[in-house]
2 protein chains.
Amino acid sequence: MTVDTRQSIMDEAKLVVQAHGYSALSFRELAKTVGIKNASVHYHFPTKGDLGAALARQYSDEAQAFLNCLPLDRDSAAQTMKTYTDAFRAALERDNRMCLCGIMIAERDELPEMVRGEVDRFTEINIQWLKSFLEALAPKAGASEIMDRAVAIFSAVEGAQLIARGCADVAVFDRCMNAYGATALFPVWPSK
Amino acid sequence: MTVDTRQSIMDEAKLVVQAHGYSALSFRELAKTVGIKNASVHYHFPTKGDLGAALARQYSDEAQAFLNCLPLDRDSAAQTMKTYTDAFRAALERDNRMCLCGIMIAERDELPEMVRGEVDRFTEINIQWLKSFLEALAPKAGASEIMDRAVAIFSAVEGAQLIARGCADVAVFDRCMNAYGATALFPVWPSK
DNA sequence: ACCTGAACACCGTTCAAGT
DNA sequence: ACCTGAACACCGTTCAAGT
């Protein structure tokens, strides 16, 4: 029965942000759901920015840990690419939610600085991993080419998640991934 | 000196939404900027949803008109593809703003139904045009393949705009477009 | 036809006060 | 250490009232 109030707040807040965005996050509703008073939320997170930053930090850390576990060797490359996109797909399958940081990128100008910093870190983590992945596959490719490709892939996957969520249809996400694979935007992709 | 108050409201609101999103649009601030009282805005647009829907409707109509003017013949295809992506690029160059409907897609679940309908229409208009464009280029391609590709291209372009805006760097958008062209996600792309 | 002030129920935030 | 009620300045919306 020793529920951690702070963690309960974060768990609930994460769901709300993934479904409706940072701006839709309300301390008052959060308090109601968790079962405390509005002012009490501020004891754990002084401002909404502190809560948002804590969410994004935890999310980025988890992403980093997830990516660190993915193999970069040639033989598993196609499966690794699929595992990467499946992480974004999973959010859609869970009640049509978005990547926590993906949805906050859209709200970037509205975010307190501390939140923005963490959201940017998520983007950076993804781009860096994609660069490592691409480099492992094509060691002789130019740095600039690798960079363009990494940014393009990340943008395309985030965009697909955004549009698929708009249609409330995971199949749209799958269509995009297949098209990205078929047209070689993705360096590798599992053949059927 | 016959300024149209209704149009002034829409002009200002459009800028705010493109820069900060629908949720950041405030009737009170809008009123201040336009030079009328908060309650007066409601005379022209009964609810915030009416204003948002009017903005999205006008935007979708303009997009439709713009796309109708683009040639679909083979010879100008590469230039047409660039003209299409340049429309999205232009928003970024104008104070790092987003496509009006692109940013609202991210807020989709928060939008009043009437706004959501217009935003969806913008997506539909783009997908339809891309399908026509792809069909004109590859008349023998399958309908399902064309559809996947159209959705994938739209998602990739919107995603690139989102990420580039996050970086506040148009060059990121250009990098993505070049990568999309080089990897043949785009059916055609101007060679340098 | 167009605008307004006042009121309503919301919001994040602060703070002094409780246990 | 953790929570609370009350107040503050915000928000969209409504409405009766003004011209």
Side-chain angles (χ1 to χ4, degrees), chain A residues 1-17 19-56 103-104 107-119, chain B residues 1-17 19-56 103-104 107-119:
Chain A
M1 232 332 263
T2 53
V3 282
D4 185 345
T5 305
R6 186 188 152 89
Q7 194 57 50
S8 301
I9 293 171
M10 286 187 72
D11 290 345
E12 177 59 25
K14 187 184 174 188
L15 289 177
V16 173
V17 175
H20 309 294
Y22 175 83
S23 67
L25 187 64
S26 155
F27 268 38
R28 287 180 141 90
E29 286 197 10
L30 214 48
K32 231 176 278 176
T33 308
V34 175
I36 54 176
K37 297 297 168 183
N38 150 46
S40 306
V41 181
H42 287 276
Y43 171 75
H44 299 280
F45 301 97
T47 69
K48 192 173 162 180
D50 290 299
L51 175 54
L55 288 175
I103 196 165
M104 289 208 277
E107 304 175 283
R108 197 176 184 277
D109 288 2
E110 268 37 66
L111 300 177
E113 256 189 54
M114 57 195 321
V115 185
R116 192 158 49 216
E118 287 299 325
V119 171
Chain B
M1 234 330 264
T2 53
V3 283
D4 184 345
T5 305
R6 186 189 153 90
Q7 194 57 50
S8 301
I9 294 171
M10 285 187 72
D11 291 345
E12 177 60 24
K14 186 184 175 187
L15 289 177
V16 173
V17 174
H20 308 296
Y22 175 83
S23 67
L25 186 64
S26 155
F27 269 37
R28 287 180 140 91
E29 286 197 10
L30 214 48
K32 231 176 278 176
T33 308
V34 175
I36 54 176
K37 297 298 168 182
N38 150 45
S40 307
V41 182
H42 287 277
Y43 171 75
H44 298 279
F45 302 97
T47 69
K48 192 174 162 181
D50 290 298
L51 174 54
L55 288 175
I103 197 165
M104 289 207 279
E107 303 175 282
R108 196 176 185 278
D109 288 2
E110 267 39 65
L111 300 177
E113 255 188 55
M114 58 195 321
V115 185
R116 192 157 49 217
E118 287 299 325
V119 172

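These figures come from a predicted structure and were not determined experimentally. Letters go in sequence order (proteins before strands), and every chain restarts at 1.
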A.B. asks: Within less than 4.0 Å of OP1 or OP2 of C:dA1, is there a side-chain N or O belonging to B:His44?
C.D. replies: no
A.B. asks: How long is the span from the CG atom in B:Leu30 to the CD1 atom in B:Ile36, to the nearest 0.5 Å?
C.D. replies: 7.5 Å
A.B. asks: Judged by each residue's nearest nucleotide on DNA chain C, which is more toward the 5′ side, A:Glu29 or B:Thr5?
C.D. replies: B:Thr5
A.B. asks: Treating B:Lys32 as the side-chain partner and B:Lys37 as the backbone partner, does any N or O pair qualify as donor plus acceptor under 3.5 Å?
C.D. replies: no
A.B. asks: Check the distance between D:dG12's C1' and B:Leu111's CG and give it to me in whole angstrom.
C.D. replies: 15 Å
A.B. asks: Please state how far atom CZ in B:Phe27 lies from atom P in D:dT13, giving the value in whole angstrom units.
C.D. replies: 6 Å
A.B. asks: Would you mind reading off the distance between B:Glu110 atom CD and D:dG12 atom C1', rounded to a whole angstrom?
C.D. replies: 15 Å
A.B. asks: Which is it for A:Glu110 and A:Tyr22 under the side-chain contact (heavy atoms from CB on, under 4.5 Å) test, yes or no, and what are the steps along the way?
C.D. replies: CA-CA 9 Å; A:Glu110 268 37 66; A:Tyr22 175 83; 5.9 Å; no
A.B. asks: Who is the Watson-Crick or G-U wobble partner of C:dC10, with both distances under 3.5 Å?
C.D. replies: none
A.B. asks: Just by distance, do the side chain of A:Thr33 and the backbone of A:Glu29 share a donor-acceptor pair under 3.5 Å?
C.D. replies: yes
A.B. asks: About how many Å separate NZ of B:Lys14 and CD1 of B:Ile9, when rounded to the nearest 0.5 Å?
C.D. replies: 16.0 Å
A.B. asks: A:Tyr43 has an atom OH; how far is it from atom P of C:dG18, in whole Å?
C.D. replies: 18 Å
A.B. asks: Are A:Thr47 and C:dG12 close enough that a side-chain N or O sits under 4.0 Å from OP1 or OP2?
C.D. replies: no
A.B. asks: I need the NZ-P distance between B:Lys48 and C:dC10, as an integer number of Å.
C.D. replies: 17 Å
A.B. asks: Taking the nucleotide of DNA chain D with the nearest heavy atom to each, does A:Ile36 or B:His42 sit closer to the 5' end?
C.D. replies: A:Ile36
A.B. asks: Rounded to whole Å, please give me the gap between CZ in B:Phe45 and P in C:dC2.
C.D. replies: 12 Å
A.B. asks: So which nucleotide does D:dG5 pair with, by the Watson-Crick or G-U wobble rule with both distances under 3.5 Å?
C.D. replies: C:dC15
A.B. asks: Write down the distance between CG (A:Leu51) and P (C:dG12), rounded to a whole number of angstrom.
C.D. replies: 10 Å
A.B. asks: Between atom CG in A:Leu25 and atom C1' in C:dC10, what is the gap in whole Å?
C.D. replies: 15 Å
A.B. asks: Between the main-chain N or O of B:Pro46 and the side-chain N or O of B:His42, is there a donor-acceptor pair closer than 3.5 Å?
C.D. replies: yes
A.B. asks: Do A:Met104 and A:Val115 pass the side-chain contact (heavy atoms from CB on, under 4.5 Å) test, and can you show the C-alpha distance, the side-chain angles, and the key distance before you say yes or no?
C.D. replies: CA-CA 9 Å; A:Met104 289 208 277; A:Val115 185; 4.0 Å; yes
A.B. asks: Could you list, one pair per line, each protein nitrogen or oxygen that sits under 3.5 Å from a nitrogen or oxygen of nucleotides 5-9 of chain C, together with the distance?
C.D. replies:
none

